[in-house]
Every structure is written in structure tokens, then in C-alpha cells.
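Proteins come first, then strands; the chains are lettered A, B, ... in the order of their sequence lines, and each starts at number 1.
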Amino acid sequence: MTAPVRTRIAPSPTGAPHLGTAYMALFNLAYARKHGGQFILRIEDTDQQRSSTESEQAIFDALKWAGIQWDEGPDCGGDHGPYRQSERLDIYEKEINRLLEQGDAYRCFCSTERLNELRAQQMADKQTPRYDGHCLSLSAEESVKRAQSEPHVVRMKIPDSGTCQFHDELRGEVSIEWSQIDHQVIRKSDGFPTYHLANVVDDHYMGITHVIRGEEWISSGPKHILLYQQLGWDAPVFTHLPLLRNPDKSKLSKRKNPTGIFYFRDAGFLPEALLNYLGMMGYTLPDQREIFSLDELVDTFDLKRISLGGPIFDLAKLKWLNGRYLREKLEPAQVVDRLLQWKANPDVLGKIMPLALQRLETFSDFFPLAQFIFNEQPDYAIEELTGKFEPEQPARLLKIAEWELEKLSKWDRDAISSLFQKIADIEEMKLKQLLPLFFVAISGSTVSLPLFDGISILGPDITRMRFRHALEKLTDHGQGLSKKGVKKLEKEYASSYGNRID
RNA sequence: GUCCCGUUCGUCUAGCCAGGUCAGGACACCGGGUUUUCAUCCCGGCAACAGGGGUUCGAAUCCCCUACGGGACGCCA
């Protein structure tokens, strides 16, 4: 009897839940369901700095909203737990020690500086950057002794020569020379395992039979294959799916596209339409149907039908699909319900009302004032945006604000308020001079509800889209930033505001 | 830079594995019809096998080379 099919999705709880996670989840879910197996959610929180519980909760909420359900996970339990990597450290420790004892792994005491230099040198010499094995020569005694007092990592020992070949369900045999593979760190100096180790160990103990993941992982395939061998385990079946792309064909990124799952919720998309659309990225049902439910996808699912060219995420087609769901899949009364749930609910209206109240004489005044909360994109003339600013200023300020907003860890009124105050200070402007631009970019008008509250209600994704829209509008009128201009601004920005983060 | 993966209309794709129908559908776009407007809906149109070489009676389909695109190269995942 063959083992039951088990697939998983393993997001890391850093930042906003990503559309790519939902995309991978969909195919993992479909495969497991089609074969009567289980689909598991595992939280990969081995990066102590960047992981957060809020982000973890957001992943649960986002996937549930999208209609993705898992059979086992940190929130619902299961027989193969715990499902959070930070709670499995003893398991990794045991396996790492086993690798050390077997001589398949070794401790490395090299400093970050030394490694950076090495990497730079190798890049300059047109070689693949790779650890030079400096600490490999340490005797077992010395290694153990130094480990007691010095910070160190544990690395995989990779063969010096030969080729690693592994099978991909869609691409056939993939071969990569061992000389291209780095001596991967498997335990960081903080004692946490890295992705590669934790992932292999967990997939094994959780009984994962099929690993369906993004194309970005192909090049680390050999590391994973080697770990399975060294640990004496059977490797799962690997399938690498194409990556969702921006219109310029680069890997989907929030700089160029809405990538947060919540963006689609907040911008008024139906989750079933989004899931349907993701299902047609790189995939078609055998009968070419374009409108299908998750169940229909599952019933006819065939992994081999996935095409390998990276699909460009096209908002226009998603909107068309969403329109058809609204008209064909729901009754008007149901649409009313869904609309109410969306933003016409006491929670959202309750947030807006205190802001609008001073400005109200009758109810009729309410919706015009609040329109920008419900609009996909407010409309305005270019002159309203540029106002009294010098020609270069609006684009510059919008870009700076976009970068600053990116850094915000807590999205609330006060944080946003002090952020704009900071920009005003650095730019030596009065807040009052600075803000009209943003009022227009966000609300479409200089007469509107308080800006910071508005931004805080809209959330990061929609705010980013509005800034981008304003920037595009400026570019269309010859007042945007050129590629060079952005580069130059980036330098200026770094010196007065600090480095950008992604 | 090195390695890996990919490449059918502007976009999502069918066809490819088991060579042989004017390369099919959808979005977008354009035109027409229905509609007091708009939208919906209906009809029509535009538009692609990256290039070159091979194998073959015959290649989008099999093989090779080139070009282009993407990804990876972290004590991130």
C-alpha cells in the first residue's frame, strides 16, 4: 500500500501575506484533495528577527478569506505537530548533531567580514560564490573545544565534484554540478536551523509525499536531496511551479503590483474569483473552462497540465472574471450581503463616522466625503495634484513617502502622522504645505476627511496603489521621475532618511 | 559574472508527451447590433508558433545551436 498523499504550504510569517502563497497553496491543496490526501500548513518562523505572531495570524486570515482550507496546522492541530518551526528546535538539533557525528556537517567559525570578502573576490573572479572550506580542516577536538566559547554556524559538507541529478515531475531530470552548490549553513549562530534543514526535516517527519513549490527553489534542490540522503530518508516527489510575474516579466513584487492577499479583499474582489483566476495562471482544466469553482478544479485536477512559462498577473482579466462572478454566480440579494460584509459594515462605517461627523449636515453629505474609502481609485486632474509645488517636487515627495511608508512596522494613525511630520522636517516644509499633495493622491480632493486616518483605514496595499497611480499620472504629464532620477533620489534619500527596505 | 529553468496572439492559454485539420478559446483593443445614456448581452475583426540548422514525404510538436526572458547564488524563506 502506498502512503497517502500529503502536501504542504510553508509560509514564513514576515510581512503581509503574499499572493504567491495563495497560488502555491491552491495547487498543493488541489493535488492533495484530488488524491484523497491531506494538505498541511506549516509556519516557517526560523528567522527570529523578521517573524511575528501578527504576521502569522494574518496568514491564517488571508488564506481562509481566499477559501484555502488546510487539514493540519498550528491553529487546528494534527498528528504531526507542532506545526510551527520555532517549536521544533529539539528535533532539528537532534538531526544536526547526527549530521555532525556522521561527518556530513561541520562547524564554521568564520566571521561575516571574511565571508563577505570571499564572496566579493569570487564574484570579481567570475566564479560562483561558494564557501572555501576554511573551517573544514579543523580537527574534531578543536571544533568541539572552540564551539564552547565561540559563536559559530554548522555547514553542510558538499561533494567537491560530480553532478547532482534529481527528478522534477514537470521538467524531468535536472542536473546541477556539485561545484555550484555552496556549503550551506544549516544552523545559524543563534542556534536556529536555516530553511533548508528545517524544511527537509519537517517534510520528512510530517510525512510529506509531494513537494509542490516555486521555481525559485530549483537551484537549492541538490542541497535538499543531499540532506535526505545523509539523513537516510526517502525524498518526496518534487514539482517546481512557475512564478507569478509582473507585467515586465520579473518575479511578482509589490513595487510593481498589488501582491498582498488583503489588497484583493480590500479592493472589493470576491475570494472565489481570485482563487479561480489563480487557478488559470499556468493551468487550464481539460475542457478549457474558464470559470470554475475550487471543487471543479479539484475534481479534474492534473498536475501535468501545468504549463511552465511564468504567467503575468493581469488585473484586467481578474476584474472581468470578478464581474462575471458578481453577475452569474450570485443573486442580487447575495451581492448585497457581500457588499455589506465588505465595507458597508458597522466596523468600517464606525471608523469613518467620527471623522465625517463634524463635516455633516445631512446624511447626504456622508458618502461624497467617504467615497475615497470605497473607490478603487479616486479621480482628479493633474493640476490638483501638483498644486503650488515646484515642478519636480510632487513626484519626489510621493516617492519618499512611499519608501518611508514601506518601513512602517505598525500601520496606525500615530505612526503615519509622525512619518509625515518627519518628512516635513527633513524637507524643511510646513506640514500644511506638504499635505495637499497627499490629500489629492489619496482622496482625489483637497477637501476631505483627515488624511492620516484615511491612510490608516485604507491600509498599506491600497495606499501604495494610490501613490503609484499619482506617480504614473505625473509621468504621463512629463513631471515624473526618470529611472536616473529615481537612482539619484535613492541616494539622497539614503543619506537623509536612512536605507530603503524591501 | 556563474549555474539552472523557460520561450505559441499585447496578456492568460489549447495544441506538444504518442509529428499530418486555414494554429483554437478567453482578456484587452477595434467595429456593428440590442439598450432613453452607460454598462451588461449578442455578432464580427485584429493579432502568435523567438531565430537558425537538422531528422522526416511532412515539425508549433522530436534533436542541436543561438538569441531573449526569468530564477538562484544570504547566519531570508
Side-chain angles (χ1 to χ4, degrees), chain A residues 10-15 18 20-21 42-51 85 108-112 115-116 119-120 122-131 151-155 163-164 166 168 170-172 174-199 213-223 240-252 277-291 304-321 323-324 326-328 502:
Chain A
S12 61
T14 56
H18 198 273
T21 304
R42 179 172 74 226
I43 294 292
E44 307 224 328
D45 55 350
T46 55
D47 185 337
Q48 292 190 82
Q49 265 85 50
R50 297 198 302 153
S51 298
Q85 290 187 328
C108 170
F109 301 87
C110 292
S111 66
T112 313
L115 295 173
N116 288 153
R119 200 159 18 234
Q122 286 168 327
M123 292 282 250
D125 292 346
K126 304 182 178 181
Q127 292 171 325
T128 299
R130 186 178 196 247
Y131 183 64
H152 63 281
V153 301
V154 174
R155 289 179 183 277
T163 303
C164 176
F166 63 95
D168 178 287
L170 254 21
R171 297 159 208 264
V174 176
S175 312
I176 299 176
E177 302 274 324
W178 282 118
S179 63
Q180 294 297 323
I181 310 297
D182 199 3
H183 287 207
Q184 180 63 48
V185 170
I186 53 176
R187 188 178 65 193
K188 310 180 224 179
S189 54
D190 65 3
F192 273 56
T194 57
Y195 165 83
H196 303 278
L197 188 280
N199 189 265
R213 51 160 36 159
E215 191 176 10
E216 62 204 73
W217 296 107
I218 293 180
S219 31
S220 39
K223 291 170 187 172
H240 293 93
L241 265 33
L243 261 19
L244 258 22
R245 311 274 189 101
N246 296 313
D248 68 359
K249 295 191 193 285
S250 57
K251 176 163 122 176
L252 193 72
Y277 183 67
L278 288 176
M280 56 202 261
M281 298 267 80
Y283 187 75
T284 39
L285 300 207
D287 65 0
Q288 301 280 299
R289 228 176 318 169
E290 289 215 281
I291 304 209
K304 299 262 178 163
R305 288 189 61 82
I306 292 173
S307 65
L308 296 176
I312 291 168
F313 192 87
D314 180 16
L315 262 181
K317 190 155 184 177
L318 172 58
K319 281 186 191 172
W320 160 79
L321 191 64
R324 292 201 48 177
L326 247 19
R327 265 172 264 121
E328 297 170 20
D502 270 305

Pairing nucleotide - [N], Watson-Crick or G-U, each distance under 3.5 Å:
N	value
B/A72	B/U2
B/C29	B/G45
B/A18	none
B/U55	none
B/U35	none
B/U7	B/A67

Base, sugar-phosphate or nothing for [X]? Non-hydrogen atoms, less than 4.0 Å.
X	result
A/Pro311	sugar-phosphate
A/Arg289	nothing
A/Ser307	sugar-phosphate
A/Cys110	base
A/Gly214	nothing
A/Val185	sugar-phosphate
A/Thr46	sugar-phosphate
A/Ser189	base

Inter-nucleotide [atom1] distance ([N], [M]), Å rounded:
N	M	atom1	value
B/C30	B/A39	P	11 Å
B/C65	B/G58	C1'	23 Å
B/C46	B/G25	C1'	16 Å
B/U34	B/A50	C1'	43 Å
B/G51	B/C57	P	24 Å
B/C27	B/G69	P	31 Å
B/G52	B/C9	C1'	23 Å
B/U66	B/G1	P	15 Å

Taking atom [atom2] of [N] as reference, at what distance in whole Å does atom [atom1] of [X] sit?
X	N	atom1	atom2	answer
A/Ile176	B/A72	CD1	C1'	9 Å
A/Glu216	B/G74	CD	P	15 Å
A/Leu170	B/C17	CG	C1'	12 Å
A/Leu252	B/G70	CG	C1'	13 Å
A/His240	B/G6	NE2	P	12 Å
A/Gln85	B/A77	CD	P	8 Å
A/Ile306	B/G6	CD1	P	14 Å
A/Arg171	B/C17	CZ	C1'	16 Å

Name the residue closer to the 5' end of RNA chain B, choosing between A/Trp217 and A/Arg130 according to the nucleotide with the nearest heavy atom.
A/Arg130
Could you check A/Ile312 against A/Gln180 and say which one's nearest nucleotide on RNA chain B is further toward the 5' end?
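Whichever sits nearer the 5' end wins; that is A/Gln180.
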Which of these nucleotides, B/G1, B/A14, B/C12, is closest to any side-chain atom of A/Pro129?
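My answer, after comparing the listed nucleotides, is B/G1.
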Candidate pair A/Arg213 and A/Asn199, rule side chain to side chain contact (heavy atoms under 4.5 Å, CB included), full reasoning
CA-CA 12 Å; A/Arg213 51 160 36 159; A/Asn199 189 265; 4.3 Å; yes
Could you state the interatomic distance from CG (A/Asp47) to NZ (A/Lys188), rounded to the nearest 0.5 Å?
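Here the rounded value is 5.0 Å.
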Just how far is it from atom CD of A/Glu215 to atom CG of A/Leu241, taken to the nearest 0.5 Å?
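With rounding to 0.5 Å, CD (A/Glu215) is 9.0 Å from CG (A/Leu241).
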Within the pair [X] and [N], is there a side-chain N or O less than 4.0 Å away from OP1 or OP2?
X	N	value
A/Arg327	B/C41	yes
A/Ser220	B/A72	no
A/Lys188	B/A77	yes
A/Arg245	B/G70	no
A/Lys249	B/G71	no

Determine the interplanar angle of the A/His240 and A/Phe166 rings, folded into 0 to 90°, and report it as parallel if under 30°, tilted if 30 to 60°, perpendicular if over 60°.
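The arrangement is perpendicular - the two ring planes meet at more than 60°.
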Which of parallel (below 30°), tilted (30 to 60°) and perpendicular (above 60°) describes A/His196 and A/Trp217?
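Perpendicular: the ring planes of A/His196 and A/Trp217 meet at over 60°.
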Would A/Arg289 and A/Asp287 count as a salt bridge (Lys or Arg N to Asp or Glu O under 4.0 Å) if you check the C-alpha gap in whole Å, the side-chain angles of each, and the deciding distance to 0.1 Å?
CA-CA 6 Å; A/Arg289 228 176 318 169; A/Asp287 65 0; 2.9 Å; yes
Evaluate the criterion side chain to side chain contact (heavy atoms under 4.5 Å, CB included) for residue pair A/Ile218 and A/Arg171; output intermediate values, then yes/no.
CA-CA 10 Å; A/Ile218 293 180; A/Arg171 297 159 208 264; 3.8 Å; yes
Kindly say whether A/Tyr277 contributes a backbone atom to a donor-acceptor pair with the side chain of A/Lys317 at under 3.5 angstrom?
no
Could you walk me through whether A/Leu285 and A/Tyr283 pass the side chain to side chain contact (heavy atoms under 4.5 Å, CB included) test, one step at a time?
CA-CA 7 Å; A/Leu285 300 207; A/Tyr283 187 75; 3.6 Å; yes
Which atom pair, heavy atoms only, marks the closest approach of A/Arg42 to A/Pro11?
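Here A/Arg42 and A/Pro11 meet closest at O-CD, 3.2 Å.
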Going 5' to 3' through nucleotides 21-33 of chain B, assign each nucleotide B (protein heavy atom under 4.0 Å from a base atom), S (under 4.0 Å only from sugar-phosphate atoms) or - (no protein heavy atom that close).
---B-BS------
